[in-house]
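In what follows, chains carry the letters A, B, and so on, assigned in the order in which the sequence lines appear, proteins first and then strands, with residues in each chain numbered from 1. All values reported here derive from a predicted model rather than from experimental measurement.
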Amino acid sequence: MLSRELLREQSDRVRELLAGRGIGPEALDSWLELDQKRRSSLVELEDLKRRRNEASKEIGKVKQQGGDAAAQIEEVAQLKGRIAELESQVAGVETGLEEAELGLPNLPHESVPVGEDESANRIERVVGEPRQFDFEPKAHWDLGPELGILDFERGAKIAGARFTAYFGAGARLERALINFMLELHTTEHGYTETLPPFIVNSTALVGTGQLPKFAEDLFRLEGHDYYLVPTAEVPVTNLHGNETLEESQLPLRYAAFTPCFRAEAGSYGKDVRGLIRQHQFNKVELVHVATPETSWDELELLTANAEKVLQLLELPYQVVTLSTGDMSFASAKTYDLEVWLPGQEAYREISSCSNCTDYQARRANIRYRPAEGGKARFAHTLNGSGLAVGRTLVAVLENYQQADGTVTIPEALRPFMGGLEKIE
RNA sequence: GGAGGGGUGGCUGAGUGGUCGAAAGCACCGGUCUUGAAAACCGGCGUCGGUUCACGCCGACCGCGGGUUCGAAUCCCGCCCCCUCCGCCA
(Lines give C-alpha, C1' and ligand atoms only; values in the text may rest on other atoms or scores of the structure.)
Protein backbone atom coordinates (compact mmCIF):
# COMPACT_ATOMS: atom_id res chain seq x y z
CA MET A 1 0.00 0.00 0.00
CA LEU A 2 1.19 3.48 -0.78
CA SER A 3 0.78 6.22 1.78
CA ARG A 4 -2.10 8.61 1.32
CA GLU A 5 0.25 11.49 1.91
CA LEU A 6 2.34 10.38 -1.04
CA LEU A 7 -0.63 9.87 -3.33
CA ARG A 8 -1.92 13.35 -2.52
CA GLU A 9 1.25 15.37 -2.42
CA GLN A 10 3.23 13.74 -5.20
CA SER A 11 0.43 12.65 -7.47
CA ASP A 12 2.27 13.58 -10.67
CA ARG A 13 5.27 11.51 -9.78
CA VAL A 14 3.11 8.58 -8.66
CA ARG A 15 1.10 8.75 -11.87
CA GLU A 16 4.27 8.56 -13.92
CA LEU A 17 5.75 5.67 -11.94
CA LEU A 18 2.52 3.72 -12.11
CA ALA A 19 2.45 4.24 -15.87
CA GLY A 20 5.72 2.33 -16.02
CA ARG A 21 3.92 -0.57 -14.40
CA GLY A 22 1.13 -0.44 -16.93
CA ILE A 23 -1.34 1.35 -14.67
CA GLY A 24 -3.37 4.07 -16.38
CA PRO A 25 -3.76 7.55 -14.86
CA GLU A 26 -7.45 6.97 -14.09
CA ALA A 27 -6.54 4.69 -11.19
CA LEU A 28 -4.91 7.53 -9.30
CA ASP A 29 -7.34 10.20 -10.50
CA SER A 30 -10.35 8.33 -9.18
CA TRP A 31 -8.51 7.84 -5.90
CA LEU A 32 -7.78 11.56 -5.63
CA GLU A 33 -11.42 12.35 -6.26
CA LEU A 34 -12.58 9.97 -3.55
CA ASP A 35 -10.01 11.34 -1.14
CA GLN A 36 -11.23 14.87 -1.71
CA LYS A 37 -14.80 13.77 -1.23
CA ARG A 38 -13.97 11.92 1.94
CA ARG A 39 -12.30 14.89 3.53
CA SER A 40 -15.00 17.39 2.69
CA SER A 41 -17.72 15.07 4.02
CA LEU A 42 -15.64 14.41 7.10
CA VAL A 43 -15.39 18.07 7.96
CA GLU A 44 -19.16 18.42 7.87
CA LEU A 45 -19.75 15.16 9.70
CA GLU A 46 -17.34 15.93 12.51
CA ASP A 47 -18.80 19.36 12.98
CA LEU A 48 -22.28 17.87 13.43
CA LYS A 49 -20.92 15.31 15.85
CA ARG A 50 -19.26 18.01 17.86
CA ARG A 51 -22.57 19.85 18.18
CA ARG A 52 -24.33 16.63 19.11
CA ASN A 53 -21.78 15.87 21.81
CA GLU A 54 -22.13 19.34 23.22
CA ALA A 55 -25.91 19.05 23.35
CA SER A 56 -25.71 15.69 25.09
CA LYS A 57 -23.52 17.14 27.77
CA GLU A 58 -25.94 20.00 28.23
CA ILE A 59 -28.75 17.50 28.61
CA GLY A 60 -26.84 15.73 31.31
CA LYS A 61 -26.27 18.93 33.21
CA VAL A 62 -29.80 20.19 32.88
CA LYS A 63 -31.27 16.89 33.99
CA GLN A 64 -28.94 16.71 36.96
CA GLN A 65 -30.33 20.05 38.07
CA GLY A 66 -33.85 18.79 37.52
CA GLY A 67 -34.50 21.04 34.52
CA ASP A 68 -36.22 20.46 31.22
CA ALA A 69 -33.93 19.49 28.34
CA ALA A 70 -36.59 19.09 25.70
CA ALA A 71 -35.04 21.69 23.41
CA GLN A 72 -31.64 19.99 23.34
CA ILE A 73 -33.19 16.56 22.91
CA GLU A 74 -35.08 17.87 19.93
CA GLU A 75 -31.90 19.35 18.44
CA VAL A 76 -30.01 16.09 18.80
CA ALA A 77 -32.86 14.21 17.20
CA GLN A 78 -32.59 16.47 14.19
CA LEU A 79 -28.81 16.17 13.96
CA LYS A 80 -29.07 12.41 14.06
CA GLY A 81 -30.57 12.01 10.63
CA ARG A 82 -27.94 14.06 8.87
CA ILE A 83 -25.16 12.40 10.85
CA ALA A 84 -26.31 8.93 9.87
CA GLU A 85 -26.54 10.01 6.25
CA LEU A 86 -23.04 11.46 6.22
CA GLU A 87 -21.65 8.52 8.12
CA SER A 88 -22.78 6.00 5.58
CA GLN A 89 -21.54 8.27 2.83
CA VAL A 90 -18.10 8.54 4.38
CA ALA A 91 -18.01 4.81 5.03
CA GLY A 92 -18.82 4.14 1.40
CA VAL A 93 -16.12 6.51 0.20
CA GLU A 94 -13.64 4.99 2.63
CA THR A 95 -14.38 1.52 1.29
CA GLY A 96 -13.85 2.81 -2.22
CA LEU A 97 -10.55 4.36 -1.21
CA GLU A 98 -9.33 1.16 0.39
CA GLU A 99 -10.28 -0.89 -2.63
CA ALA A 100 -8.44 1.54 -4.86
CA GLU A 101 -5.38 1.52 -2.61
CA LEU A 102 -5.23 -2.27 -2.40
CA GLY A 103 -5.27 -2.38 -6.18
CA LEU A 104 -2.25 -0.11 -6.65
CA PRO A 105 1.12 -1.87 -6.91
CA ASN A 106 4.31 -0.69 -5.28
CA LEU A 107 6.31 2.02 -7.02
CA PRO A 108 9.46 0.91 -8.83
CA HIS A 109 12.85 2.05 -7.60
CA GLU A 110 14.70 4.47 -9.85
CA SER A 111 17.28 1.85 -10.76
CA VAL A 112 14.65 -0.43 -12.32
CA PRO A 113 14.60 -0.48 -16.13
CA VAL A 114 11.34 0.85 -17.52
CA GLY A 115 9.63 -1.46 -19.96
CA GLU A 116 6.48 -3.36 -20.73
CA ASP A 117 7.67 -6.90 -20.16
CA GLU A 118 10.63 -9.24 -19.71
CA SER A 119 12.24 -8.01 -22.91
CA ALA A 120 13.21 -4.87 -20.97
CA ASN A 121 14.87 -6.84 -18.17
CA ARG A 122 18.52 -6.01 -17.61
CA ILE A 123 21.15 -8.73 -17.25
CA GLU A 124 23.43 -7.76 -14.37
CA ARG A 125 25.94 -10.58 -14.47
CA VAL A 126 26.49 -14.05 -15.84
CA VAL A 127 28.16 -16.49 -13.49
CA GLY A 128 29.71 -19.77 -14.60
CA GLU A 129 29.67 -21.18 -18.08
CA PRO A 130 27.21 -23.65 -19.53
CA ARG A 131 28.89 -27.00 -19.77
CA GLN A 132 29.79 -28.30 -23.25
CA PHE A 133 28.19 -31.69 -23.79
CA ASP A 134 29.70 -34.23 -26.14
CA PHE A 135 26.28 -35.82 -26.43
CA GLU A 136 22.74 -34.54 -26.77
CA PRO A 137 21.67 -33.55 -23.23
CA LYS A 138 18.24 -34.72 -22.22
CA ALA A 139 15.51 -32.77 -20.56
CA HIS A 140 14.70 -33.77 -16.97
CA TRP A 141 11.25 -35.02 -17.99
CA ASP A 142 13.03 -37.76 -19.90
CA LEU A 143 15.90 -38.28 -17.47
CA GLY A 144 13.72 -38.50 -14.37
CA PRO A 145 11.34 -41.21 -15.54
CA GLU A 146 14.19 -43.18 -17.16
CA LEU A 147 16.02 -43.23 -13.84
CA GLY A 148 12.80 -44.14 -12.07
CA ILE A 149 13.02 -41.14 -9.75
CA LEU A 150 10.27 -38.92 -11.17
CA ASP A 151 6.82 -40.19 -12.10
CA PHE A 152 4.61 -37.67 -13.83
CA GLU A 153 1.89 -40.18 -14.73
CA ARG A 154 1.37 -41.38 -11.22
CA GLY A 155 1.42 -37.81 -9.96
CA ALA A 156 -1.34 -37.02 -12.42
CA LYS A 157 -3.25 -40.15 -11.47
CA ILE A 158 -3.59 -39.25 -7.82
CA ALA A 159 -3.97 -35.49 -8.21
CA GLY A 160 -3.96 -34.27 -11.80
CA ALA A 161 -1.81 -32.39 -14.23
CA ARG A 162 1.11 -30.46 -12.75
CA PHE A 163 1.60 -32.89 -9.88
CA THR A 164 4.54 -35.27 -9.64
CA ALA A 165 5.49 -38.25 -7.51
CA TYR A 166 9.15 -38.69 -6.59
CA PHE A 167 10.76 -42.04 -5.84
CA GLY A 168 14.00 -43.29 -4.33
CA ALA A 169 17.05 -41.14 -5.03
CA GLY A 170 14.79 -38.48 -6.54
CA ALA A 171 12.82 -38.03 -3.34
CA ARG A 172 16.05 -38.13 -1.40
CA LEU A 173 17.66 -35.56 -3.68
CA GLU A 174 14.76 -33.15 -3.09
CA ARG A 175 15.14 -33.64 0.66
CA ALA A 176 18.91 -33.24 0.43
CA LEU A 177 18.52 -29.95 -1.42
CA ILE A 178 16.15 -28.65 1.25
CA ASN A 179 18.57 -29.59 4.02
CA PHE A 180 21.58 -28.26 2.13
CA MET A 181 19.94 -24.89 1.59
CA LEU A 182 18.64 -24.56 5.14
CA GLU A 183 22.01 -25.54 6.59
CA LEU A 184 23.81 -22.98 4.43
CA HIS A 185 21.49 -20.13 5.31
CA THR A 186 21.10 -20.87 9.00
CA THR A 187 24.77 -21.52 9.72
CA GLU A 188 26.96 -19.62 7.25
CA HIS A 189 24.51 -16.84 6.48
CA GLY A 190 23.12 -16.48 10.00
CA TYR A 191 19.42 -16.80 9.25
CA THR A 192 16.89 -17.82 11.86
CA GLU A 193 15.04 -20.90 10.72
CA THR A 194 11.29 -20.76 10.94
CA LEU A 195 8.67 -23.35 10.11
CA PRO A 196 5.38 -21.51 9.58
CA PRO A 197 1.88 -22.83 8.94
CA PHE A 198 1.33 -23.92 5.35
CA ILE A 199 -2.18 -22.53 5.50
CA VAL A 200 -2.90 -18.84 5.98
CA ASN A 201 -5.96 -16.63 6.28
CA SER A 202 -7.02 -13.85 3.95
CA THR A 203 -5.65 -11.14 6.23
CA ALA A 204 -2.14 -12.48 5.76
CA LEU A 205 -2.61 -12.63 2.00
CA VAL A 206 -3.81 -9.04 1.91
CA GLY A 207 -0.78 -8.12 3.99
CA THR A 208 1.72 -9.34 1.43
CA GLY A 209 -0.36 -8.31 -1.58
CA GLN A 210 -1.67 -11.59 -3.04
CA LEU A 211 -5.21 -10.52 -2.17
CA PRO A 212 -7.54 -9.06 -3.19
CA LYS A 213 -6.18 -8.82 -6.72
CA PHE A 214 -4.77 -12.28 -7.36
CA ALA A 215 -7.30 -14.61 -5.76
CA GLU A 216 -7.46 -16.77 -8.87
CA ASP A 217 -3.82 -17.81 -8.37
CA LEU A 218 -4.57 -19.31 -4.97
CA PHE A 219 -6.01 -22.56 -3.68
CA ARG A 220 -8.70 -21.84 -1.13
CA LEU A 221 -10.05 -24.44 1.27
CA GLU A 222 -13.74 -24.79 0.75
CA GLY A 223 -15.89 -23.38 3.53
CA HIS A 224 -13.00 -21.70 5.32
CA ASP A 225 -11.07 -18.47 5.25
CA TYR A 226 -8.00 -20.64 4.66
CA TYR A 227 -5.64 -20.71 1.72
CA LEU A 228 -2.68 -22.94 0.90
CA VAL A 229 0.45 -20.82 0.93
CA PRO A 230 1.63 -19.81 -2.55
CA THR A 231 5.03 -18.96 -1.07
CA ALA A 232 6.54 -18.80 2.41
CA GLU A 233 6.80 -15.06 1.87
CA VAL A 234 3.18 -14.89 3.02
CA PRO A 235 3.35 -16.61 6.41
CA VAL A 236 6.87 -15.48 7.26
CA THR A 237 6.47 -11.80 6.40
CA ASN A 238 3.16 -11.71 8.25
CA LEU A 239 4.78 -13.23 11.33
CA HIS A 240 5.33 -9.66 12.51
CA GLY A 241 2.06 -8.21 11.26
CA ASN A 242 0.50 -5.69 13.67
CA GLU A 243 3.71 -5.52 15.63
CA THR A 244 6.00 -2.66 16.57
CA LEU A 245 9.54 -3.99 16.67
CA GLU A 246 12.54 -2.33 18.27
CA GLU A 247 15.14 -1.02 15.86
CA SER A 248 17.76 -3.01 17.76
CA GLN A 249 16.00 -6.21 16.63
CA LEU A 250 16.48 -5.33 12.98
CA PRO A 251 17.33 -6.62 10.53
CA LEU A 252 15.41 -9.84 11.03
CA ARG A 253 16.50 -12.59 8.67
CA TYR A 254 14.42 -15.72 8.36
CA ALA A 255 14.90 -18.87 6.35
CA ALA A 256 11.89 -21.12 5.92
CA PHE A 257 11.21 -24.33 4.11
CA THR A 258 7.63 -24.74 2.92
CA PRO A 259 5.77 -26.37 0.11
CA CYS A 260 4.06 -23.82 -2.16
CA PHE A 261 0.71 -24.21 -3.85
CA ARG A 262 -0.35 -22.27 -6.91
CA ALA A 263 -3.44 -22.57 -9.04
CA GLU A 264 -1.50 -21.42 -12.12
CA ALA A 265 -4.65 -20.01 -13.63
CA GLY A 266 -3.95 -18.63 -17.05
CA SER A 267 -0.80 -20.62 -17.59
CA TYR A 268 -2.46 -23.36 -19.63
CA GLY A 269 -0.10 -24.73 -22.19
CA LYS A 270 2.93 -23.13 -20.51
CA ASP A 271 5.64 -25.46 -19.26
CA VAL A 272 3.26 -28.37 -19.33
CA ARG A 273 6.07 -30.94 -19.25
CA GLY A 274 8.24 -31.68 -16.28
CA LEU A 275 8.72 -30.05 -12.91
CA ILE A 276 9.08 -26.44 -13.98
CA ARG A 277 5.52 -25.35 -13.33
CA GLN A 278 3.69 -27.39 -10.71
CA HIS A 279 0.67 -26.82 -8.53
CA GLN A 280 2.79 -27.93 -5.59
CA PHE A 281 6.52 -27.37 -5.19
CA ASN A 282 9.02 -26.95 -2.40
CA LYS A 283 10.92 -23.81 -1.67
CA VAL A 284 13.39 -22.48 0.86
CA GLU A 285 12.52 -18.84 1.31
CA LEU A 286 14.54 -15.97 2.72
CA VAL A 287 12.72 -13.06 4.35
CA HIS A 288 14.31 -9.91 5.76
CA VAL A 289 12.68 -7.18 7.82
CA ALA A 290 14.87 -4.09 7.81
CA THR A 291 14.92 -0.35 8.28
CA PRO A 292 14.47 1.93 5.25
CA GLU A 293 18.11 2.96 5.62
CA THR A 294 19.46 -0.55 5.12
CA SER A 295 16.92 -2.28 2.90
CA TRP A 296 18.78 -1.74 -0.38
CA ASP A 297 21.92 -3.24 1.08
CA GLU A 298 19.77 -6.04 2.45
CA LEU A 299 18.48 -6.76 -1.05
CA GLU A 300 22.05 -7.18 -2.31
CA LEU A 301 22.86 -9.42 0.63
CA LEU A 302 19.74 -11.54 0.23
CA THR A 303 20.45 -11.98 -3.47
CA ALA A 304 24.06 -12.89 -2.80
CA ASN A 305 22.93 -15.47 -0.24
CA ALA A 306 20.60 -17.06 -2.76
CA GLU A 307 23.32 -17.01 -5.40
CA LYS A 308 25.62 -18.84 -3.02
CA VAL A 309 23.45 -21.92 -3.35
CA LEU A 310 23.96 -21.98 -7.11
CA GLN A 311 27.66 -21.33 -6.73
CA LEU A 312 28.14 -24.19 -4.29
CA LEU A 313 26.18 -26.49 -6.56
CA GLU A 314 28.33 -25.24 -9.44
CA LEU A 315 25.35 -24.40 -11.58
CA PRO A 316 25.73 -21.68 -14.25
CA TYR A 317 23.33 -18.79 -13.85
CA GLN A 318 22.65 -15.16 -14.56
CA VAL A 319 21.22 -12.35 -12.49
CA VAL A 320 18.57 -10.18 -14.07
CA THR A 321 16.88 -6.98 -12.88
CA LEU A 322 13.23 -7.23 -13.76
CA SER A 323 11.75 -4.31 -15.67
CA THR A 324 8.88 -2.24 -14.34
CA GLY A 325 6.46 -4.28 -16.42
CA ASP A 326 7.75 -7.66 -15.27
CA MET A 327 8.01 -7.06 -11.53
CA SER A 328 5.67 -8.56 -9.00
CA PHE A 329 2.93 -6.45 -7.44
CA ALA A 330 4.46 -5.62 -4.07
CA SER A 331 8.04 -5.20 -5.22
CA ALA A 332 10.02 -1.99 -5.72
CA LYS A 333 12.91 -3.88 -7.26
CA THR A 334 13.44 -7.52 -8.11
CA TYR A 335 16.47 -9.55 -9.10
CA ASP A 336 15.71 -12.86 -10.74
CA LEU A 337 18.27 -15.63 -10.59
CA GLU A 338 18.10 -17.71 -13.75
CA VAL A 339 19.81 -21.08 -13.89
CA TRP A 340 21.06 -22.66 -17.09
CA LEU A 341 19.03 -25.69 -18.19
CA PRO A 342 20.78 -27.72 -20.89
CA GLY A 343 17.58 -29.59 -21.69
CA GLN A 344 15.91 -26.35 -22.72
CA GLU A 345 19.07 -24.52 -23.73
CA ALA A 346 17.84 -21.55 -21.76
CA TYR A 347 18.23 -19.69 -18.51
CA ARG A 348 15.16 -20.25 -16.36
CA GLU A 349 14.04 -18.47 -13.21
CA ILE A 350 15.02 -20.29 -10.04
CA SER A 351 14.81 -17.42 -7.55
CA SER A 352 13.21 -14.03 -7.31
CA CYS A 353 14.60 -11.56 -4.78
CA SER A 354 12.62 -8.44 -4.01
CA ASN A 355 12.71 -5.37 -1.86
CA CYS A 356 9.08 -4.54 -1.12
CA THR A 357 10.13 -1.40 0.76
CA ASP A 358 7.31 -0.27 3.07
CA TYR A 359 4.56 -1.50 0.77
CA GLN A 360 3.82 -4.77 2.57
CA ALA A 361 4.66 -3.25 5.93
CA ARG A 362 1.82 -0.78 5.49
CA ARG A 363 -0.62 -3.45 4.47
CA ALA A 364 0.43 -5.82 7.24
CA ASN A 365 1.21 -3.03 9.73
CA ILE A 366 4.81 -3.98 10.51
CA ARG A 367 6.53 -1.13 12.27
CA TYR A 368 9.57 -0.44 14.38
CA ARG A 369 10.50 2.13 16.94
CA PRO A 370 13.64 4.04 15.99
CA ALA A 371 16.58 3.64 18.38
CA GLU A 372 16.60 7.36 19.08
CA GLY A 373 12.94 7.17 20.05
CA GLY A 374 10.03 8.97 18.48
CA LYS A 375 7.18 7.72 16.36
CA ALA A 376 7.07 4.19 15.06
CA ARG A 377 7.91 3.87 11.36
CA PHE A 378 7.04 1.26 8.80
CA ALA A 379 9.75 -1.31 8.28
CA HIS A 380 10.94 -2.54 4.90
CA THR A 381 10.34 -6.16 3.97
CA LEU A 382 12.29 -8.29 1.52
CA ASN A 383 11.92 -11.81 0.28
CA GLY A 384 13.65 -14.16 -2.07
CA SER A 385 13.82 -17.81 -2.92
CA GLY A 386 16.89 -19.48 -1.70
CA LEU A 387 16.03 -21.48 -3.83
CA ALA A 388 13.03 -23.05 -5.51
CA VAL A 389 13.81 -26.66 -4.72
CA GLY A 390 12.01 -28.43 -7.58
CA ARG A 391 13.69 -26.25 -10.17
CA THR A 392 17.04 -26.76 -8.48
CA LEU A 393 16.52 -30.50 -8.76
CA VAL A 394 15.79 -30.02 -12.45
CA ALA A 395 19.00 -28.02 -12.83
CA VAL A 396 21.03 -30.68 -11.05
CA LEU A 397 19.62 -33.48 -13.16
CA GLU A 398 20.12 -31.68 -16.45
CA ASN A 399 23.52 -30.13 -15.75
CA TYR A 400 25.01 -33.21 -14.11
CA GLN A 401 23.74 -35.83 -16.52
CA GLN A 402 26.17 -38.22 -18.14
CA ALA A 403 26.19 -39.79 -21.59
CA ASP A 404 24.98 -43.10 -20.15
CA GLY A 405 21.87 -41.51 -18.63
CA THR A 406 23.17 -41.46 -15.07
CA VAL A 407 23.45 -38.29 -12.99
CA THR A 408 26.45 -37.32 -10.88
CA ILE A 409 25.60 -35.81 -7.50
CA PRO A 410 27.24 -32.39 -6.96
CA GLU A 411 30.00 -32.56 -4.37
CA ALA A 412 28.24 -30.15 -2.04
CA LEU A 413 25.17 -32.37 -1.86
CA ARG A 414 26.87 -35.68 -1.17
CA PRO A 415 26.98 -35.25 2.61
CA PHE A 416 23.21 -34.82 2.45
CA MET A 417 22.80 -37.91 0.29
CA GLY A 418 24.58 -40.32 2.59
CA GLY A 419 27.72 -40.05 0.44
CA LEU A 420 25.92 -41.11 -2.75
CA GLU A 421 27.89 -40.00 -5.80
CA LYS A 422 25.67 -40.97 -8.64
CA ILE A 423 22.04 -41.68 -9.49
CA GLU A 424 21.74 -44.62 -11.83
C1' G B 1 -17.66 -30.75 19.27
C1' G B 2 -19.53 -29.62 24.75
C1' A B 3 -19.05 -26.57 29.47
C1' G B 4 -16.97 -22.45 31.88
C1' G B 5 -13.71 -18.03 32.26
C1' G B 6 -11.51 -13.85 29.90
C1' G B 7 -10.11 -9.79 26.05
C1' U B 8 -9.38 -1.90 29.03
C1' G B 9 -3.24 2.50 27.40
C1' G B 10 4.08 -0.52 26.84
C1' C B 11 2.83 -3.82 31.33
C1' U B 12 -0.24 -4.80 35.89
C1' G B 13 -5.06 -3.39 36.84
C1' A B 14 -9.66 -0.09 38.48
C1' G B 15 -13.93 1.29 36.20
C1' U B 16 -21.74 -1.73 35.36
C1' G B 17 -25.30 4.44 31.67
C1' G B 18 -23.44 10.98 32.12
C1' U B 19 -18.14 15.89 32.02
C1' C B 20 -14.03 8.65 31.21
C1' G B 21 -9.37 8.85 26.66
C1' A B 22 -10.34 6.27 30.94
C1' A B 23 -8.11 5.70 38.55
C1' A B 24 -3.75 3.70 40.59
C1' G B 25 0.93 1.35 40.29
C1' C B 26 5.08 -0.02 37.20
C1' A B 27 7.96 1.31 33.01
C1' C B 28 9.60 5.56 30.22
C1' C B 29 11.00 11.02 29.45
C1' G B 30 12.17 15.95 31.68
C1' G B 31 13.25 18.68 36.19
C1' U B 32 14.66 19.52 41.58
C1' C B 33 18.11 17.46 44.99
C1' U B 34 23.29 15.02 44.66
C1' U B 35 30.50 15.28 43.53
C1' G B 36 27.95 11.31 40.50
C1' A B 37 24.22 7.65 40.87
C1' A B 38 20.16 5.74 43.60
C1' A B 39 16.12 7.19 46.62
C1' A B 40 12.64 11.06 47.31
C1' C B 41 9.77 14.95 45.28
C1' C B 42 7.55 17.84 40.97
C1' G B 43 5.91 17.57 35.94
C1' G B 44 5.12 14.99 31.36
C1' C B 45 3.79 10.54 28.95
C1' G B 46 -1.74 6.55 23.82
C1' U B 47 -3.06 5.82 18.55
C1' C B 48 -5.39 7.23 14.11
C1' G B 49 -8.02 10.86 11.28
C1' G B 50 -9.58 16.01 10.08
C1' U B 51 -8.49 21.14 10.41
C1' U B 52 -4.99 25.31 11.22
C1' C B 53 0.75 29.45 8.82
C1' A B 54 0.99 28.29 13.90
C1' C B 55 -0.64 27.85 19.20
C1' G B 56 -4.39 24.84 19.12
C1' C B 57 -9.19 22.93 18.16
C1' C B 58 -12.39 18.91 16.65
C1' G B 59 -13.71 13.66 15.63
C1' A B 60 -12.92 8.42 16.43
C1' C B 61 -10.85 4.50 19.22
C1' C B 62 -11.57 0.28 26.02
C1' G B 63 -11.04 -7.47 20.81
C1' C B 64 -14.26 -6.68 15.96
C1' G B 65 -19.17 -5.44 13.83
C1' G B 66 -24.20 -4.03 14.65
C1' G B 67 -28.18 -2.24 18.13
C1' U B 68 -30.75 0.43 22.45
C1' U B 69 -30.27 5.58 24.49
C1' C B 70 -30.22 12.67 24.40
C1' G B 71 -25.66 10.02 26.17
C1' A B 72 -22.29 3.28 26.17
C1' A B 73 -15.76 0.92 28.25
C1' U B 74 -20.36 0.10 31.00
C1' C B 75 -26.91 -2.57 28.55
C1' C B 76 -28.50 -6.02 24.11
C1' C B 77 -27.22 -9.12 19.57
C1' G B 78 -23.60 -11.45 16.26
C1' C B 79 -18.51 -12.69 15.37
C1' C B 80 -13.16 -13.38 16.40
C1' C B 81 -9.20 -14.61 19.63
C1' C B 82 -7.03 -16.51 24.28
C1' C B 83 -7.29 -19.68 28.84
C1' U B 84 -9.29 -24.05 31.80
C1' C B 85 -11.94 -28.70 31.91
C1' C B 86 -14.42 -32.77 29.10
C1' G B 87 -14.61 -35.45 24.41
C1' C B 88 -11.62 -36.77 20.10
C1' C B 89 -7.19 -37.29 18.19
C1' A B 90 -1.04 -37.05 16.37
Which nucleotide in B:rC58, B:rA60, B:rG49 has an atom nearest any side-chain atom of A:Leu42: B:rG49
C1' gap between B:rU19 and B:rC70, integer Å: 15 Å
Between A:His109 and A:Trp296, ring centroids under 6.0 Å: yes
Distance, C1' atom - from B:rG49 to B:rA40, rounded to whole angstrom: 42 Å
Closest to side chain of A:Arg39, choosing from B:rU51, B:rG59, B:rC70: B:rU51
Sugar-phosphate, base or nothing in reach of A:Arg38, heavy atoms under 4.0 Å: sugar-phosphate
Check: A:Glu349 main-chain N/O paired with A:Glu338 side-chain donor or acceptor under 3.5 Å: no
Any-strand Watson-Crick or G-U partner of B:rC20, both distances under 3.5 Å: none
Distance, C1' atom - from B:rC62 to B:rG9, rounded to whole angstrom: 9 Å
5′-ward residue of the pair A:Asn53/A:Arg369 relative to RNA chain B: A:Arg369
Nearest-angstrom distance from the residue atom CD of A:Glu44 to C1' of B:rG49: 17 Å
Residue A:Arg50, side-chain heavy atoms: nucleotide from B:rC70, B:rC58, B:rC48 that is nearest: B:rC58
Nucleotide of B:rA60, B:rG49, B:rG18 approaching A:Ile59 most closely (side-chain heavy atoms): B:rG18
Pairwise C1' distance for B:rC33 and B:rG25, with rounding to whole Å: 24 Å
Base-pairing mate for B:rG4 - Watson-Crick or G-U, with both contacts under 3.5 Å: B:rC83
P gap between B:rA14 and B:rG7, integer Å: 9 Å
Expected output: side-chain A:His185 to main-chain A:Gly386 donor-acceptor under 3.5 Å: yes
Under 3.5 Å donor-acceptor, A:Ser331 side chain and A:Ser328 backbone: no
A:Lys80 side chain, from C-beta outward: closest of B:rG71, B:rU51, B:rA60: B:rG71
Nearest-Å distance once atom P is located in both B:rG4 and B:rG44: 47 Å
Sugar-phosphate, base or nothing in reach of A:Arg8, heavy atoms under 4.0 Å: sugar-phosphate
Separation of atom CZ in A:Arg377 from atom P in B:rC48, rounded to whole Å: 14 Å
Per A:Ser56 side chain, nearest of listed nucleotides B:rG59, B:rG50, B:rC70: B:rC70
Check: A:Val114 main-chain N/O paired with A:Ser323 side-chain donor or acceptor under 3.5 Å: no
Can you list, pair by pair, the side-chain donor-acceptor contacts under 3.5 Å of residues 411-424 of chain A, counting residues two or more places apart and other chains?
{"from": "A:Arg414", "atom 1": "NE", "to": "A:Ile409", "atom 2": "O", "distance (Å)": "2.9"}
{"from": "A:Arg414", "atom 1": "NH2", "to": "A:Ile409", "atom 2": "O", "distance (Å)": "2.9"}

Sugar-phosphate, base or nothing in reach of A:Asp47, heavy atoms under 4.0 Å: nothing
Selected nucleotide, minimal atom distance to A:Arg367 side chain, candidates B:rA60, B:rC48, B:rU19: B:rC48
Out of B:rC58, B:rU51, B:rU19, whichever nucleotide has its closest atom nearest the side chain of A:Val43: B:rU51
B:rC86 versus B:rU12 - spacing of their P atoms, nearest Å: 27 Å
Assigned partner base of B:rG43, Watson-Crick or wobble definition, under 3.5 Å: B:rC29
